[in-house]
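By convention in this document, chain letters (A, B, ...) are assigned in the order of the sequence lines, proteins followed by strands, and residues within each chain are numbered from 1.
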Number of protein chains: 2
Amino acid sequence: MSESAPRRRSRASAGLPPITADKIIDAAVELTAQHGLDGWSIRQISTKLDVWPGVVAHHVGDREAVVMAVTDRVIARIPVPDVSVPWRDWFSALMLEGRTVLRQYPGVARRLVVVGPNVPSALPTIDKGIKVLLGAGFGEHATEIYRYLLNSAFMLVAVEDDRDSYFPNARADMGRAMARFAADTSRPGLAAAGAQAVARSEDPERLAAEDLAFFRLTMERSLDGAQALLSA
Amino acid sequence: MSESAPRRRSRASAGLPPITADKIIDAAVELTAQHGLDGWSIRQISTKLDVWPGVVAHHVGDREAVVMAVTDRVIARIPVPDVSVPWRDWFSALMLEGRTVLRQYPGVARRLVVVGPNVPSALPTIDKGIKVLLGAGFGEHATEIYRYLLNSAFMLVAVEDDRDSYFPNARADMGRAMARFAADTSRPGLAAAGAQAVARSEDPERLAAEDLAFFRLTMERSLDGAQALLSA
DNA sequence: ACCTGAACACCGTTCAAGT
DNA sequence: ACCTGAACACCGTTCAAGT
């Protein structure tokens, strides 16, 4: 895992092209896809580019700056629906497509939710989303409802990321923990949850399908929750 | 910050009581209140207890084990409403009181949401919560609605934690970033959000009040979203 | 059983010196 | 301007040796 010695003589004298901020961020994005946003080090990036660690600081900045640059790149990949789409469909589409992009880069969803409009590539989406809600009649609530809806969806993606990137056995442990209570008549609430946990397989493909189903449930409940404000 | 040399001669020969797992976890809980769950190191715990780092591993296990022990302790402090309370009130109370406890221990909310029923002290709450939902007529949806409601509330607490523990200026940066768009007529969505950001003060007390208001909005919208399932 | 004391393999950041 | 090469102050974990 170390590969400690980068290269012998200077890049320039070896006829190699200079490192750029862009190349560093490319490498970081790739490492994020493989290991998540908290799964790589500055030193791994520098090893990958065959330079000394200090070079990353020189071109991009500290770790935080690299992370924000990766986040901006990934957010830019999320397709934004057209403003003519009805509000519920607009948000469903953004949430579902956002999820498939974000899930490929574990840890980015969390950053997005935490730093929000500090990510430049998120601005067009924010603009259109609020416009759509204003058009749907949410009035003064448009901004906070936008925040509520996107939080609901992408906070859940962040949890999905954490579950299988950072604590890979949390998923199975939880299932087994619950299944133990299936026959516990003294605790009917746990028993109900346990019964469903028993039915749940440990096949990763089925688990992924269940994650998607729960994501859709969250989406629909949150959209209903927002809609209740319109009827009031 | 280092204080690298713990103590001269052995604890036993100095007449000191032996370190226990409990004392280690006490120290970790205290450090979590001060610096958050990701804000302390095993070495800081050992310095605080005046022993060598290896002692923590000997009594509790690796960092992950210490973190789970802290999480369990903190969750146990959240008061659980009586099952006789109507479902909406039951969940409002749990969410609001859970928030005030969790906010005192930054980072614990995230763990709770990610590992869920793997935290032993969460089990009685899960049991009662599902019982309450079954009683309210949610039937087969009780388990997933429980998960949906608690996720909504505590994922948001996790984001609040991250915002001011880990990225202390994200809050102010976001406000300023949005305020810039208040007069941007070419982007009406951002302008609407910007106008509200301008109105927002940078006084920490007012910001805290606004965080609470948004938390309540999230709570009410999610409860409405769940309720929509009952009417259907 | 409990703890010391050290070693190991990592981190991110900084910076003088070379080219 | 760009990069080398090293140093600094940290990490978590492991483990032989002492008591």
Side-chain angles (χ1 to χ4, degrees), chain A residues 1-28 31-32 35-70 107 111 166-167, chain B residues 1-28 31-32 35-70 107 111 166-167:
Chain A
M1 197 117 308
S2 45
E3 220 101 322
S4 51
R7 199 49 52 227
R8 304 286 144 227
R9 265 327 332 133
S10 94
R11 292 184 65 85
S13 69
L16 290 166
I19 296 289
T20 60
D22 245 44
K23 280 185 208 159
I24 291 168
I25 298 163
D26 285 343
L31 283 168
T32 301
H35 310 293
L37 206 50
D38 294 341
W40 49 257
S41 64
I42 295 292
R43 291 175 115 100
Q44 277 175 41
I45 295 175
S46 73
T47 302
K48 204 169 162 156
L49 298 174
D50 215 22
V51 290
W52 290 82
V55 173
V56 174
H58 184 263
H59 286 283
V60 183
D62 61 10
R63 196 183 196 285
E64 176 63 17
V66 181
V67 164
M68 286 302 287
V70 169
R111 294 303 281 219
Y166 308 155
F167 318 103
Chain B
M1 198 117 304
S2 45
E3 221 102 320
S4 49
R7 199 50 51 224
R8 305 285 144 227
R9 258 348 306 145
S10 94
R11 291 185 65 84
S13 68
L16 290 166
I19 295 291
T20 60
D22 246 42
K23 281 185 208 160
I24 290 168
I25 298 163
D26 284 343
L31 283 168
T32 302
H35 310 292
L37 206 49
D38 294 341
W40 49 257
S41 63
I42 295 293
R43 292 174 114 101
Q44 278 174 41
I45 294 176
S46 72
T47 301
K48 204 170 160 151
L49 298 174
D50 214 23
V51 291
W52 291 83
V55 173
V56 174
H58 183 265
H59 287 282
V60 184
D62 61 9
R63 196 184 197 285
E64 176 64 17
V66 180
V67 163
M68 286 302 286
V70 169
R111 295 302 281 219
Y166 308 155
F167 319 103

Picking from dC3(C), dT13(C), dC3(D), which would you name as closest to the side chain of Arg11(B)? dC3(C)
Considering all heavy atoms of both residues, which atom of Ser46(B) and which atom of Val56(B) are nearest to each other, and what is their separation? CB-CG2, 4.4 Å
Does some side-chain heavy atom of His59(B) sit less than 4.5 Å from a side-chain heavy atom of Lys23(B)? no
Whole-Å distance between dC3(D) C1' and His59(A) NE2? 8 Å
Leu31(A) atom CG is separated from dG12(C) atom P, nearest whole Å, by 12 Å
Under the side-chain contact (heavy atoms from CB on, under 4.5 Å) test, which residues partner Arg11(A), sequence neighbours left out? Leu16(A), Pro17(A), Ile19(A), Val51(A)
Could you give the NE2-to-C1' distance, from His58(A) to dA1(D), as a whole number of Å? 6 Å
Take nucleotides 14-19 of chain D nucleotide by nucleotide from the 5' end and write B, S or -, depending on whether a protein heavy atom sits under 4.0 Å from the base, only from the sugar-phosphate, or from neither. B-----
Could you please name the option among dG12(D), dC3(D), dG12(C) that lies closest to any side-chain atom of Arg43(B)? dG12(D)
For the pair made of CD1 in Ile42(A) and P in dT13(C), what is the distance, rounded to whole Å? 6 Å
Run the side-chain contact (heavy atoms from CB on, under 4.5 Å) test against Asp22(A) and tell me which residues pass, sequence neighbours left out. Thr20(A), Arg73(A)
Take Val67(A) and Trp40(A), measure what side-chain contact (heavy atoms from CB on, under 4.5 Å) needs, and give me the verdict at the end. CA-CA 10 Å; Val67(A) 164; Trp40(A) 49 257; 4.0 Å; yes
Identify the two heavy atoms, one from Val70(B) and one from Ala28(B), that lie closest to each other, and give their separation to 0.1 Å. CG2-CB, 3.5 Å
Please map the stems of DNA chain C, keeping only stretches of three or more Watson-Crick or G-U wobble pairs with both distances under 3.5 angstrom. C:4-8 with D:12-16, C:12-16 with D:4-8
Can you tell me if Trp52(B) touches the phosphate of dG5(C), counting only side-chain N or O atoms and a distance under 4.0 Å to OP1 or OP2? yes
Could you tell me the separation between the CG atom of Leu16(A) and the P atom of dC3(D), rounded to a whole number of Å? 10 Å
Considering residues at least two apart in sequence or located in another chain, which fulfil the side-chain contact (heavy atoms from CB on, under 4.5 Å) criterion with Ala27(A)? Ile45(A), Lys48(A), Leu49(A)
N or O in side chain of Gln44(A) less than 4.0 angstrom from dC10(C) OP1/OP2: no
Can you name the side-chain contact (heavy atoms from CB on, under 4.5 Å) partners of Ala12(A), sequence neighbours left out? Ser10(A)
What are the two closest non-hydrogen atoms of Val66(B) and Gly61(B), and how far apart are they? CG2-O, 4.5 Å
Could you state the NZ-C1' distance from Lys23(A) to dC2(D), rounded to the nearest angstrom? 12 Å
When you measure from the side chain of Pro18(A), which nucleotide among dG12(C), dC3(D), dT4(C) comes out closest? dC3(D)
